[in-house]
Amino acid sequence: MSDTTKTTYTAKLTDGPLEGRTVATGFLDDGQPKPTVEIPAPGGKTYIYARSAGQEFESAGSALPSAVAYRFLTTNFS
């Protein structure tokens, strides 16, 4: 799959209540990874993770990452 058709990447959750898990998420309209990801949880909670510096690429010439690291930011309760 070329970078021009890639629409999703893997968000790697590096700490917090979902440490070690991964979720698929989509790029922003401008092709950049999202600054935050929100993950619904039981009990009306939503975990919010913020993008950190870590990125992985499928190959050396890839323009878009295949995986991006996220750190735990906060929990919202509804």
Side-chain angles (χ1 to χ4, degrees):
M1 178 183 294
S2 73
D3 281 352
T4 58
T5 60
K6 187 186 293 186
T7 60
T8 63
Y9 64 96
T10 301
K12 296 175 120 184
L13 311 178
T14 61
D15 62 359
L18 301 177
E19 179 177 359
R21 296 191 185 177
T22 61
V23 295
T25 192
F27 290 97
L28 296 173
D29 290 342
D30 66 0
Q32 294 298 310
K34 293 179 179 179
T36 60
V37 291
E38 297 183 11
I39 302 148
K45 296 185 280 189
T46 301
Y47 297 122
I48 301 180
Y49 279 76
R51 183 176 160 194
S52 60
Q55 295 187 57
E56 296 176 13
F57 295 85
E58 288 180 6
S59 63
S62 294
L64 298 174
S66 57
V68 176
Y70 285 81
R71 301 216 44 187
F72 179 69
L73 185 61
T74 190
T75 303
N76 286 342
F77 297 90
S78 42

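These figures come from a predicted structure and were not determined experimentally.
For D29, the side-chain contact (heavy atoms from CB on, under 4.5 Å) criterion is met by no residue, not counting sequence neighbours.
Contact detail for K34 and G26: the closest heavy-atom pair is CE-O, 3.1 Å. Taking all atoms of both residues into account, the shortest heavy-atom contact from P65 to K6 is O-NZ, 3.7 Å. Nearest approach of G31 to L64, heavy atoms of both residues: O-CD2, 3.2 Å.
The aromatic rings of Y9 and Y70 sit parallel to each other, their planes meeting at less than 30°, with 60° as the upper class boundary.
Atom OG1 of T22 is separated from atom NZ of K12 by 8.0 Å, given to the nearest 0.5 angstrom. Separating the CZ atom in F72 from the OG1 atom in T14 is a distance of 11.5 Å, to the nearest 0.5 Å. For the atom pair CD (E38) and CG (N76), the distance works out to 7.0 Å, reported to the nearest 0.5 Å. Rounding to the nearest 0.5 Å gives a distance of 12.0 Å between NZ of K45 and OG1 of T74.
Among T10, T8, V68, V37, the single residue meeting the side-chain contact (heavy atoms from CB on, under 4.5 Å) criterion with T25 is V37.
V23 is not listed as a side-chain neighbour of L18, based on a closest heavy-atom distance of 4.5 Å or more. The shortest side-chain heavy-atom distance between L73 and Y49 does not fall under the 4.5 Å cut-off.
A continuous path of Ile, Leu, Val, Met, Phe, Trp and Tyr side chains, each step under 4.5 Å between heavy atoms, connects Y47 with L13, placing both in one hydrophobic cluster.
Heavy atoms of other residues, nucleotides or ligands lying less than 6.0 angstrom from CZ of R51 number more than 12.
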